[in-house]
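Report on the structure given below.
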Amino acid sequence: MDFRLSDAERALVSEVRAFAEKYFDKASVAQWRRDGGLPDEVVKAFVDLDFKGFGVIHRRNHESYDVFAQVLVLEELSRATGAALPFSTDFLQLQILEAFASESQTDPVRMEYQKTGRLAFALAVSEPHAGSDTMGMTTTVESVDGSLVLNGVKSFVNNGEYAPALLVAAIDEEVSRDEGRPVLSLWLIPRDLEGVCVVPESKIGQSMLPFASIQFDNVRLDESYRLSGDARGFSQLFKFFEYGRVFVCATALGQAQAAMEDAVRWARERKAFGETVSSFQQIQQMLTDMEVKLTNMRNLVYRAAWEFDNGEHDRLTVAMMKRYVPATATEVASDAMQILGGRGYTSVERVSSIWQDCRGFQIAEGTDQIMVYIAAPLIMRRYAQEV
């Protein structure tokens with residue numbers, strides 16, 4: 001499959017590169033990692049980009065997004081900054097809201113996002129004892145003494161400590177189970193409701209994506225908080241998780257490319273025993289293998305995005321991509337650290353934080369092992385059809 005970029009796509013990448021060069025110098029990225037997020041000026045400048053007419057932020061005629069264009073944006077931002085940025089999360093969460101919510105529920109959020117660059121809610125789906133088994137969630141909404149009451153715990157809620165609202169996935173105990181399976185409901189609720197307790201979660205990487213654990217203790221809900229769009233149920237939510245996997249892999253790809261560029265630069269400049277490190281055969285082999293991995297990662301990510309845009313979405317493609325890309329990006333970042341030697345293990349160089357970020361992507365949006373669980377039956381089915 002030929003993924004050479006068109007002139008329009010190259011112009012899109014150039015626009016994003018210019019944006020990154022303007023705002024994301026090394027000192028600023030380091031500071032924003034410590035701060036745990038981006039300043040208002042930067043996120044506002046991002047949503048104000050034209051994106052060359054592609055459906056990246058503003059929906060083209062409110063009909064569809066260009067997933068391939070979104071991938072190009074995320075890859076270039078991650079390459080230029082060497083960091084996991086909140087934009088990929090914004091892409092996913094806004095698309096989930098637009099699918100599950102009514103127009104009247106979506107429009108104020110979309111308008112606020114385009115006005116400020118800040119998404120006014122945080123998505124609360126994952127749970128401590130469910131993880132990738134989303135249907136195993138135990139957070140529930142049920143009627144108690146005539147009132148709707150929310151109880152449960154959500155973990156790894158990105159921006160959950162700061163967003164003014166929470167988009168909460170819960171089992172709807174007011175609806176009869178569908179063939180024994182739980183019925184999903186989504187609720188857009190104010191974060192400051194009585195009974196909502198938010199606790200920050202510390203982690204080793206992806207520091208611009210602050211996580212929180214949120215407990216709901218007999219939180220009384222208004223029926224107007226319920227999302228009432230066309231999409232309903234776990235199957236539709238799982239489809240959007242597939243988008244999320246494409247986005248995190250695009251980010252991991254970009255960060256791995258940044259690590260590669262840092263390794264090449266160091267190998268060209270660093271001298272040992274009177275020669276540049278790049279002249280050593282072992283270093284040459286490492287760089288060659290890293291480039292092969294980058295090529296394979298890019299092919300998988302681009303193919304998954306292309307399939308979405310062309311109505312040929314294949315769960316196996318996404319599962320293989322998610323299984324391969326974050327793990328391989330981690331390997332590339334690790335090799336870059338090795339090439340930089342002791343300096344690569346310090347916070348002076350970004351390759352160590354790139355490694356931490358990519359390692360986290362092996363867990364986010366479905367672990368490496370869950371991808372095998374998804375892919376293996378699809379592989380068996382495919383080969384059974386060919387026999």
Exercise for review: Quick one: closest heavy-atom pair of Val29 and Met208, and the distance?
Suggested key: O-CE, 3.8 Å

Point to revise | Polar side-chain atom of Asp25 near backbone of Ser28 as donor-acceptor pair, under 3.5 Å | key: yes

Check your understanding: Mind checking whether Ile204 and Arg359 have side chains closer than 4.5 Å, heavy atoms only?
Key -> no

Practice item. Would you mind reporting whether Met260 and Leu287 have side-chain heavy atoms less than 4.5 Å apart? Key: yes

Point to revise | Over 12 foreign heavy atoms within 6.0 Å of CZ, Phe3 | key: yes

Review point. Side chain of Gln70, backbone of Phe247: donor and acceptor closer than 3.5 Å?
Key: no

Practice item. Given ring pair (Phe, Tyr, Trp, His ring centres under 6.0 Å), test Phe68 with Phe308 step by step and report yes or no. Key: CA-CA 8 Å; Phe68 192 80; Phe308 269 115; over 10 Å; no

Review point. Any side-chain donor paired with an acceptor under 3.5 Å for Glu201 and Ser155?
Key: no

Check your understanding: Can you get from Val318 to Phe241 by hopping between Ile, Leu, Val, Met, Phe, Trp and Tyr side chains that sit under 4.5 Å apart?
Key -> yes

Practice item. Take Glu307 and Arg303, measure what salt bridge (charged side-chain N to carboxylate O under 4.0 Å, His left out) needs, and give me the verdict at the end. Key: CA-CA 6 Å; Glu307 287 179 353; Arg303 176 176 176 178; 3.1 Å; yes

Check your understanding: Can you find a pair of side-chain heavy atoms, one from Tyr243 and one from Ile96, that are under 4.5 Å apart?
Key -> no

Review point. Under 6.0 Å from the CD atom of Glu41, do we count more than 12 heavy atoms belonging to anything else shown?
Key: no

Exercise for review: Report yes if some heavy atom in the side chain of Cys197 is under 4.5 Å from a heavy atom in the side chain of Ile214; otherwise report no.
Suggested key: no

Review point. Do Tyr324 and Cys249 touch side chain to side chain, with heavy atoms closer than 4.5 Å?
Key: no

Point to revise | Closest non-hydrogen atom pair between Thr251 and Ser78, with its separation | key: CG2-OG, 3.2 Å

**Study point:** Residue pair Thr116 / Asp40, side-chain heavy-atom distance below 4.5 Å
**Key:** no

Exercise for review: May I ask you to check whether Phe46 and Phe51 place their ring centers less than 6.0 Å from one another?
Suggested key: yes

**Study point:** Evaluation steps, salt bridge (charged side-chain N to carboxylate O under 4.0 Å, His left out), between Arg17 and Glu76
**Key:** CA-CA 7 Å; Arg17 181 175 301 139; Glu76 179 58 27; 3.0 Å; yes

Practice item. Is it possible for you to say whether Leu300 and Val292 belong to one hydrophobic cluster, with membership spreading through side-chain heavy-atom contacts below 4.5 Å? Key: no

Check your understanding: Within a reach of under 6.0 Å around CG of Asp145, are more than 12 heavy atoms found that belong to other residues, nucleotides or ligands?
Key -> no

Revision key, fill the gap. Nearest heavy-atom contact between Ile374 and Ala319 is CG2-CB, 3.9 Å

Review point. For Glu312, does its backbone N or O pair with a side-chain atom of Asn310 as donor and acceptor, under 3.5 Å?
Key: no

Point to revise | Neighbour count >12 (heavy atoms, 6.0 Å) for atom CZ, Phe238 | key: yes

Review point. Can you name the one residue among Val71, Val248, Leu294, Leu74 that meets side-chain contact (heavy atoms from CB on, under 4.5 Å) with Leu253?
Key: Leu294

Point to revise | Expected output: side-chain Arg323 to main-chain Val372 donor-acceptor under 3.5 Å | key: no

Revision key, fill the gap. Output for pair (Thr317 OG1, Trp306 CH2), nearest 0.5 Å, gives 10.0 Å

Review point. For the side-chain contact (heavy atoms from CB on, under 4.5 Å) test, which of Leu188, Leu227, Thr106, Leu167 pairs with Phe100?
Key: Leu227

Review point. Do Phe361 and Met321 belong to the same hydrophobic cluster, where Ile, Leu, Val, Met, Phe, Trp and Tyr are linked whenever their side-chain heavy atoms lie under 4.5 Å apart, directly or via other members?
Key: no

**Study point:** Candidate pair Ile363 and Phe156, rule side chain to side chain contact (heavy atoms under 4.5 Å, CB included), full reasoning
**Key:** CA-CA 11 Å; Ile363 301 169; Phe156 311 123; over 6 Å; no

Exercise for review: Run through Gln257, Gln255, Arg298 and flag the one making a side chain to side chain donor-acceptor pair (under 3.5 Å) with Glu75.
Suggested key: Arg298

Practice item. Side-chain contact test, heavy atoms from C-beta onward, threshold under 4.5 Å: evaluate it for Pro182 versus Phe234 and give yes or no. Key: yes

Check your understanding: Judged by atom type as modelled, is there a donor-acceptor pair below 3.5 Å linking the side chain of Ser334 to the main-chain atoms of Thr330?
Key -> no

Review point. Donor-acceptor pair, Thr295 side chain versus Glu291 backbone, under 3.5 Å?
Key: yes

Exercise for review: Give the minimum heavy-atom separation between Asp48 and Lys44, together with the two atoms involved.
Suggested key: OD2-NZ, 2.6 Å

Point to revise | Residue pair His313 / Val67, side-chain heavy-atom distance below 4.5 Å | key: no

Exercise for review: Could you check Lys203, Arg350, Arg33 and say which one makes a salt bridge (charged side-chain N to carboxylate O under 4.0 Å, His left out) with Asp357?
Suggested key: Arg33

Point to revise | Distance in Å, Glu98 CD paired with Arg110 CZ, rounded so as to fall on 0.5 Å steps | key: 4.5 Å

Check your understanding: For Lys52 and Asp66, what are the C-alpha separation, side-chain angles and deciding distance, and is it a salt bridge (charged side-chain N to carboxylate O under 4.0 Å, His left out)?
Key -> CA-CA 12 Å; Lys52 302 304 179 183; Asp66 296 311; over 6 Å; no

Check your understanding: Could you give the distance from CD (Glu269) to OG (Ser278), rounded to the nearest 0.5 Å?
Key -> 10.0 Å

**Study point:** Reported CG-to-NZ distance for the pair Leu123 and Lys154, which is rounded to 0.5 angstrom
**Key:** 9.0 Å

Review point. Rounded to the nearest 0.5 Å, what separation is found between the CG atom of Leu97 and the CG atom of Leu92?
Key: 11.0 Å

Practice item. Might you work through the salt bridge (charged side-chain N to carboxylate O under 4.0 Å, His left out) test for Glu242 and Lys239, ending with a clear yes or no? Key: CA-CA 5 Å; Glu242 302 263 280; Lys239 177 183 177 181; over 6 Å; no

Review point. More than 12 non-hydrogen atoms from neighbouring residues, nucleotides or ligands closer than 6.0 Å to CZ on Arg10, yes or no?
Key: yes

Review point. How long is the span from the CD atom in Gln95 to the CZ atom in Phe91, to the nearest 0.5 Å?
Key: 8.5 Å

Review point. Do you know which two heavy atoms are closest between Leu119 and Tyr113, and how far apart they sit?
Key: N-CD1, 3.7 Å

Practice item. Tell me, yes or no, whether the heavy-atom count around Glu112 atom CD, taken from other residues, nucleotides or ligands under 6.0 Å, exceeds 12. Key: yes

Practice item. Ignoring hydrogens and angles, tell me if any N or O in the side chain of Arg191 forms a donor-acceptor pair with the backbone of Ala163 under 3.5 Å. Key: yes

Review point. Is any side-chain N of the basic residue among Glu365 and Lys322 closer than 4.0 Å to the acidic one's carboxylate O?
Key: no

**Study point:** Taking every non-hydrogen atom, the tightest pair across Ala258 and Ile354
**Key:** CB-CD1, 3.9 Å

Review point. Sub-3.5 Å donor-acceptor pair from the side chain of Asn159 to the main-chain atoms of Ala122, do we have one?
Key: no

Exercise for review: Any chance you could lay out the side chain to side chain donor-acceptor pair (under 3.5 Å) test for Arg34 and Gln31, step after step, and finish with the verdict?
Suggested key: CA-CA 5 Å; Arg34 292 190 292 270; Gln31 181 62 54; 2.9 Å; yes

Study note, to complete from the structure: Per side chain to side chain donor-acceptor pair (under 3.5 Å), Gln362 is matched among Thr367, Asp368, Thr328 by Asp368

